[in-house]
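Just the heavy atoms: all of them, side chains too, but no hydrogens, waters or symmetry mates, feed the values below. Here is how names work: the chains are called A, B, and so on, in the same order as the sequence lines, proteins then strands, and each is numbered from 1.
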Amino acid sequence: MTLHGQATYSPPDNLNEPQTEAVRHARGPLLVFAGAGSGKTRVIVYRIASLLAVHRVAPYRILAVTFTNKAAGEMKHRLTSLVGEDLTRDLWVGTFHSVCSRLLRRYADSAGLSKNFVIYDDSDQRSVVNRVLKELDLDEKRYPPRQVLSRIHHEKQEGRSPAEFEKRGFFDDAVAECFSRYEHHLKQANAVDFDDLLLHVLRLVEDEKSLAGEEIRHRFEHVLVDEFQDVNQVQYRLVRAFSKRTRNLCTVGDDDQSIYRWRGADVRVIRNFRRDYPDATVVKLEQNYRSTGHIVRSALGVIEPSSEREPKELWTDNKDGEPVLVVTADSEHDEAGWVVEHVRTLIEHGVSGRDIAVFYRVHAQSRVLEEVMRAERIPYQIIGGMRFFERAEVKDILSYLRVVSNPRSDVDLQRIINVPSRKIGQTTVDKLVQTANLAGTSLFDAIAPLCATSNLGTAAKKSLSAFRELLEDLMKEAQTAAPSELCEAVLERSGYQKMLEQEDTAESEARILNVNELIQSIVDYEEEARAEDQIPTLDGYLERVSLTSDADTIEEAPRVALMTVHAAKGLEFDTVFITGMEEDLFPFKAIDPKRGDDLEEERRLAYVAVTRARRQLVITHASRRAIFGQTRYGLPSRFLTDLPKGSYRNMATPAAALMGDRARTFANTFSGNSFGFARGKDWVHPQDRKPVSEPTSRAHEEQQSFLPKRVIEPSTHSEDRQQSFLPKRVSEPPPPSKTAVYVGRPNAKPEPLPQSRSTFAAARAARQVVQPGERYVERDSDVRGSSNMAIGGRVTHDIFGVGVVESVDPGPDPAVTVRFSGHGKKRIKSRFLRFIDVD
DNA sequence: TTGCCACAAATTTTT
DNA sequence: TTTGTGGCAA
């Protein structure tokens, strides 16, 4: 059965339309193209729920893989709410890495590892590469560690071992050598990198003769993959192998949102899925429930010029809403000022900061935005950037813990050997490395033999021995102490705590706080483990830390979120500002002309950015921008010219308006690439295109003397236009959206638009429209008619069908126990039930 | 061995 | 502009 292109309108909670019907019940290979905002997660969750409750598949036979812990957590959470804890507890829901790590712990022997292997992250990997380069006496100038590592990484993501290395030039001869030494060191240290987690499992599961592989192949009856456009070759082979026996492989993704090619993702996998599985059921979800008509059409306009994409027609039943606003700013400061000014206006008029997001292409753009936000006292949060577990002090302490758990981990040992300072300098460490290499042992094991030789000063011997005793001492402690106690012991006995306390600077104070937070995270882990009747172990904690990033947590605080477009994938906001929409910034143009540009991917990135907005999208660009210590003069991005006529309108900030003619002349005078970079072959510069934004030279009457201040493009219908930023109440039936639904009085008469000349007066009027309690709320808390939420009442459930209420648990999120015919008693949150009125 | 200064490099990032 | 790294002197 192949269904596609015939989506009909259906609210998100009606699961009877043919598409989702197929998704819920199809067997064999299944490919779901889920357009942006089409309710992808809902579809996957309902399929699993159906498999569990209707098809009676055992939970532990279902594997659902995602890319982030956050996505896995959400999926599990929604499933638990839908079908209850009993059915979901034993599901295999997790990231590729956590699933593989779990399997690998179980079959460590078969993979030639011991069970307490450590997981090396990015910086650990770099340390190994540095060591390898030194050993091979390779010049770091000619072989930058970063590039060497990324080359190795690339090979591993394609599933190749050092022996299978595909050399593509002289550089690779050296890299191949590094690769095999790198692998050697990891093995020596009983360590794996992130790629290895998958590779080891892949080798087992693809090995017909391996007993472990046989077991894993028989483990799962159903395999589901989320964000399928982001899988790399190894991940694809993995899920193929997992599902080889039953062929029940369900993949969900959107090739238009493939933005991680540089990270190994291979769009061809999703595009060629039908070639590998000719009998696959293909479903296309093309209705967008998230955004206004103008936004959906703009998104389509941006993505359509893309070649090679799977044909899809995103559409929506939602109202057109406000046109996309394209703003020309003079400089990055002007741009930031304009954006922040408008964020402020929104907040002053009752919009919560959490409904607003500001995107940029590169982190470097965030600084100016932050400065202005701070100056204007707008609460904001930066998503991404430095992560907690990457902070030096946190990594240091974790390295202590990891060495205690696995003394063979050389990278960790090297990290802490002289932190705090123990007078063990580079020379001594070099000698230690040499000794270890010669004897083929770990650094830790080389300490004693080195101290026994004579080519070391007495002082150095003494420090080294003391260091070794410290570690042995801690290892002994680890036998009996709980992880958190051990951590305290590390801080105490290593002198790390003292070092921080003595430093006594603002920075060291922050570090102490971070260390305390680390201890707290261990305590949290211990409590969680005990709650699940497990004994908290050091290894258990370390595993969790390695596979968790705190980037998974966006605070629910009412703060404006600032992030890169990449970080925005999977999120949605009422109002979105996309900044820096200029040629060579977005689409980004690498300074290094050797580096290939991927215009197609930039286009998809722009598509992702546009589709994050629910109600209002603002795109800004600046004529001039200081970035990376250079001033660039940028033309409006080519993507702006792809916005469909009628779905956007232009305006300029006062500064840009004043600069108007001059700026335009300047931009046009610049021949070719305005940044002076070499032009790529397929990188046609749109110099001949007229700028999308025609900066107006007439300043608006409201313009104040200080900048930045918004200028509304003079227009005969200025009243209407001035509403654009105001939290206008939706008065038609709520726009059905994946996670948000408008509650309040959906059938109320449309409010007359406030008629006023001044923006602020209009805003003030609009504020009255937004009543407390009428805000956007999570769809999950949309309590459906609860008139019959009493014992004996009849209810229906999307999966279990009709049932009778046996008991009620009131509260902010009420739950009820219901007896379903054919499914028995279930405890379910009432928001997942429809209560049937008996009158 | 440590600390300071000069210089280069500079997307996007999860696990 | 910022951040990280390498070389050199104390």
Side-chain angles (χ1 to χ4, degrees), chain A residues 65-72 94-101 119-126 130 139-141 144-147 150 153 156-157 192-198 227 230-232 234-235 258-265 332 359-368 371 383-387 389-390 392 418 420-430 457 459-460 463 543-552 563-570 580 584-592 595-598 601-602 604-606 608-609 625-632:
Chain A
V65 271
T66 61
F67 277 86
T68 63
N69 291 304
K70 190 179 160 211
T95 61
F96 274 101
H97 293 87
S98 70
V99 165
C100 286
S101 172
I119 299 167
Y120 276 3
D121 71 10
D122 221 48
S123 65
D124 301 327
Q125 289 175 279
R126 221 163 343 166
N130 278 329
D139 183 10
E140 287 180 22
K141 287 262 155 50
R146 264 187 62 146
Q147 277 179 44
S150 97
H153 186 51
K156 294 182 84 161
Q157 285 192 322
V192 295
D193 60 24
F194 287 123
D195 296 322
D196 286 331
L197 285 172
L198 313 199
E227 303 281 11
D230 286 338
V231 297
N232 63 33
V234 169
Q235 288 159 336
S258 164
I259 55 173
Y260 284 118
R261 194 169 90 143
W262 50 275
R263 207 166 78 177
E332 80 276 13
F359 300 163
Y360 33 80
R361 177 65 241 270
V362 298
H363 281 302
Q365 291 169 255
S366 74
R367 213 194 77 242
V368 183
E371 280 166 11
I383 312 294
M386 187 50 133
R387 288 181 295 219
F389 288 108
E390 273 168 24
N418 202 32
S421 170
R422 310 189 164 82
K423 311 255 167 66
I424 302 176
Q426 197 54 54
T427 339
T428 314
V429 174
D430 283 347
S463 329
E543 156 116 5
R544 184 159 107 155
V545 166
S546 308
L547 296 177
T548 314
S549 80
D550 50 353
D552 290 334
M563 68 189 89
T564 64
V565 180
H566 282 91
K569 202 179 99 171
D584 297 353
L585 181 59
F586 198 176
F588 190 86
K589 183 104 175 86
I591 295 176
D592 182 357
R595 197 108 42 131
D597 307 296
D598 195 336
E601 184 145 314
E602 294 292 319
R604 295 191 293 262
L605 194 57
V608 167
R625 177 180 303 275
I627 196 165
F628 301 138
Q630 237 190 353
T631 299
R632 298 173 161 193

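- In the set dT1(B), dT13(B), dT15(B), dT13(B) carries the atom at the smallest distance from any side-chain atom of Ala567(A).
- Between the side chain of Arg263(A) and the base of dT12(B), no donor-acceptor pair under 3.5 Å is found.
- For Ser546(A) and dT15(B), the shortest distance from a side-chain N or O to OP1 or OP2 is not below 4.0 Å.
- One P atom belongs to dG4(C), the other to dT13(B), and the distance between them is 16 Å to the nearest Å.
- Using a 30° and 60° split on the angle between ring planes, His566(A) and Trp262(A) fall in the perpendicular class, above 60°.
- Taking the side chain of Thr68(A) as heavy atoms from C-beta on, and the options dT11(B), dT14(B), dT13(B), the nearest nucleotide is dT14(B).
- Here the separation of dG6(C) from dT11(B), taken at their C1' atoms, is 25 Å to the nearest Å.
- Nucleic acid contact class of Asn418(A) (heavy atoms, under 4.0 Å, all strands): sugar-phosphate only.
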Close N/O contacts between protein and nucleotides 5-8 of chain C (under 3.5 Å):
from: dG6(C); atom 1: OP1; to: Glu140(A); atom 2: OE1; distance (Å): 3.0

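- Within 4.0 Å of Ser421(A), counting heavy atoms only, lie sugar-phosphate atoms of the nucleic acid but no base atom.
- Each of dT2(B), dT1(C), dT15(B) was ranked by its minimum atom distance to the side chain of Arg367(A); first place goes to dT1(C).
- Picking from dT15(B), dT1(B), dT12(B) the nucleotide with the shortest atom distance to the side chain of Thr427(A) gives dT1(B).
- An aromatic stacking contact between Phe628(A) and the base of dT1(C) is absent, as defined here by ring centres under 5.5 Å apart and ring planes under 30° from parallel.
- The backbone N or O of Ala459(A) lies less than 3.5 Å from a partner atom in the side chain of Ser463(A), making a donor-acceptor pair.
- Using a 4.0 Å heavy-atom criterion, one finds that Ile424(A) contacts the sugar-phosphate atoms exclusively.
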